[in-house]
Amino acid sequence: MSDRTAGAKLPAARTRERTLSVTTLAAEFHAPSLTDFFPPAVLFEGTPFELDRLMLVRLLMTAVLIAFLFLAFRAPRIVPKRLQNIGEMGLVFVKEQICDEILGKESGRKFFPLIATIFFTVLFLNFSGVIPGLNISSNARIGMPLVLAVVAYIAFNYVGIKKYGFFTYMRSSIVVPNVPPAMHVLLIPIEFISTFVLRPFTLTVRLMANMLAGHIMLVLFFSATQFFLFDADNWMKVFSPFSLLGGLAFTLFELLVIFLQAYVFALLTAVYISLAQHADEH
């Protein structure tokens, strides 16, 4: 007997029980799954330029960022208004609260373009996670966080190697001074992994995991609202306002996470550059 035939003979109560189970993925309710993050190709399928929904969201938000910066600063005024005011607030925040604070004014000015690019890229790509119709951040998939982490990794290692030379920089980064020689057997591998492996890894995973978790929570809240309101038994409809309020509250929290993740990524990039600049003070 096929599964379809067997399912047809189940009593109505049993059918309702299966419908209410998120593990059975009934037609009325779709729990978040890997297909959200690896959707089928939309354009150029089977080519190196294949684009799926997340890639289109990424390209769209990149275009929005470019358009925002162009409109904000195409005709700058001494007294900023509207978009220019918002753009300058963002740039001043990155300059004063990240670059100048961590790197100092001279180095902060030098690395400001890199830090600002990372900050605004992460911010705008994250923001698509709360835009209706998009509903997902392309940073929830590892590709873009990994690219940004590699950029940060190259930047801080370049700074250290340029200042000290390769071997001096490596020695200064992994050799802890003023410890018994026998301890170096333990400390050198730890310092190497911490500096050259865990830094890009944690940058990547922190951003990806936070945006992935946020997407899953929002989908669960609003899918539950739809289920309670349209598909559940009448007595269960009373739960729909609570799940809706939970979804709205978590959306506000997600807005905070969106900004914090951009800030933390840019901040840590600046911190790593500063550590590379002062590797001899390890």
Side-chain angles (χ1 to χ4, degrees), residues 54-55 57-73 83 86-131 136-163 195-215 254-278:
L54 253 71
M55 286 298 299
V57 169
R58 186 175 295 160
L59 293 174
L60 173 63
M61 296 310 296
T62 301
V64 170
L65 172 57
I66 294 172
F68 168 76
L69 294 175
F70 174 77
L71 294 174
F73 299 109
L83 284 180
I86 297 173
E88 286 192 4
M89 287 175 58
L91 292 175
V92 168
F93 173 81
V94 174
K95 180 181 182 298
E96 294 183 352
Q97 301 301 319
I98 300 178
C99 295
D100 292 352
E101 185 74 20
I102 303 300
L103 297 168
K105 291 190 178 295
E106 183 177 348
S107 292
R109 188 181 305 111
K110 180 179 180 181
F111 292 102
F112 171 73
L114 173 65
I115 305 299
T117 299
I118 288 175
F119 176 83
F120 281 101
T121 299
V122 175
L123 181 66
F124 272 70
L125 292 184
N126 283 351
F127 195 68
S128 63
V130 295
I131 297 178
I136 192 168
S137 166
S138 56
N139 285 332
R141 195 164 67 185
I142 198 169
M144 194 62 190
L146 181 60
V147 169
L148 293 171
V150 168
V151 170
Y153 185 78
I154 292 172
F156 78 76
N157 282 308
Y158 171 79
V159 169
I161 294 171
K162 183 179 180 181
K163 181 174 181 179
T195 301
F196 298 106
V197 178
L198 289 183
R199 284 182 184 178
F201 176 79
T202 54
L203 279 175
T204 302
V205 173
R206 181 187 296 107
L207 176 58
M208 182 198 70
N210 275 278
M211 302 319 300
L212 185 150
H215 172 75
E254 189 69 3
L255 287 172
L256 175 62
V257 172
I258 284 170
F259 172 79
L260 283 178
Q261 289 305 308
Y263 172 70
V264 168
F265 204 110
L267 179 70
L268 288 177
T269 301
V271 168
Y272 296 155
I273 291 173
S274 179
L275 291 173
Q277 287 179 323
H278 303 92

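With values rounded to the nearest 0.5 angstrom, Leu148 atom CG is found 6.5 Å from Asn139 atom CG. To the nearest 0.5 angstrom, Leu114 atom CG is 11.0 Å from Phe112 atom CZ. Interatomic distance, CG of Asp100 versus NZ of Lys95, reported as 4.0 Å (0.5 Å rounding). Residue Thr62 holds its OG1 atom at 8.5 Å from CE of Met55, rounded to the nearest 0.5 Å. Taking CZ of Arg58 as the reference point, atom OG of Ser137 lies at 8.5 Å (rounded to 0.5 Å). Distance CG/Leu54 to CG/Leu125: 10.0 Å, rounded to 0.5 Å.
Crowding of Phe120 atom CZ: a count of heavy atoms from other residues, nucleotides or ligands under 6.0 Å exceeding 12. Around atom OH of Tyr158, no more than 12 heavy atoms belonging to other residues, nucleotides or ligands sit under 6.0 Å away.
Not a single ring-ring contact (aromatic ring centres under 6.0 Å, His included) links Phe73 to another residue, sequence neighbours left out.
When ring centroids are compared, Phe93 and Phe259 come within the 6.0 Å threshold. For an aromatic pair to be called close, the ring centres must be under 6.0 Å apart, and Tyr272 with Tyr153 fails this.
Considering every non-hydrogen atom in both Ala152 and Leu203, the closest pair reads CB-CD1, 4.0 Å. Annotation for Ile98 and Leu267: closest pair CG2-CA, 3.9 Å, computed over non-hydrogen atoms. When all heavy atoms are compared, the tightest approach of Val122 to Ala262 is CG1-CA, 3.5 Å. Closest of all the heavy-atom pairs between Ile115 and Cys99 is CB-SG, 3.7 Å.
Looking at heavy atoms from C-beta onward, Phe196 lies in side-chain contact with Asn157 at the 4.5 angstrom threshold. For the pair Arg141/Met208, no side-chain contact is recorded, criterion being any heavy-atom separation below 4.5 Å from C-beta on.
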Stepwise side-chain contact (heavy atoms from CB on, under 4.5 Å) test for Met211 and Glu254: CA-CA 9 Å; Met211 302 319 300; Glu254 189 69 3; 3.5 Å; yes

Intermediate values then yes/no, side-chain contact (heavy atoms from CB on, under 4.5 Å), Leu207 and Asn126: CA-CA 9 Å; Leu207 176 58; Asn126 283 351; 3.8 Å; yes

Gln277 and Ser107: CA distance, side-chain angles, deciding distance, side-chain contact (heavy atoms from CB on, under 4.5 Å) verdict: CA-CA 10 Å; Gln277 287 179 323; Ser107 292; 3.2 Å; yes

side-chain contact (heavy atoms from CB on, under 4.5 Å) evaluation trace for Ile86 with Phe68: CA-CA 10 Å; Ile86 297 173; Phe68 168 76; 4.0 Å; yes

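Both tests hold for Arg199 against Phe156: distance to the six-membered ring centre under 6.0 Å, angle to the ring axis within 45°.
The residue from Ile66, Leu65, Ile258 that alone fulfils the side chain to side chain contact (heavy atoms under 4.5 Å, CB included) condition with Phe124 is Leu65. No option in Thr269, Leu268, Val271, Leu275 other than Val271 meets the side chain to side chain contact (heavy atoms under 4.5 Å, CB included) test with Ile102.
Side-chain N or O atoms of Ser138 include none that pairs as donor or acceptor with a backbone N or O of Val57 at under 3.5 Å.
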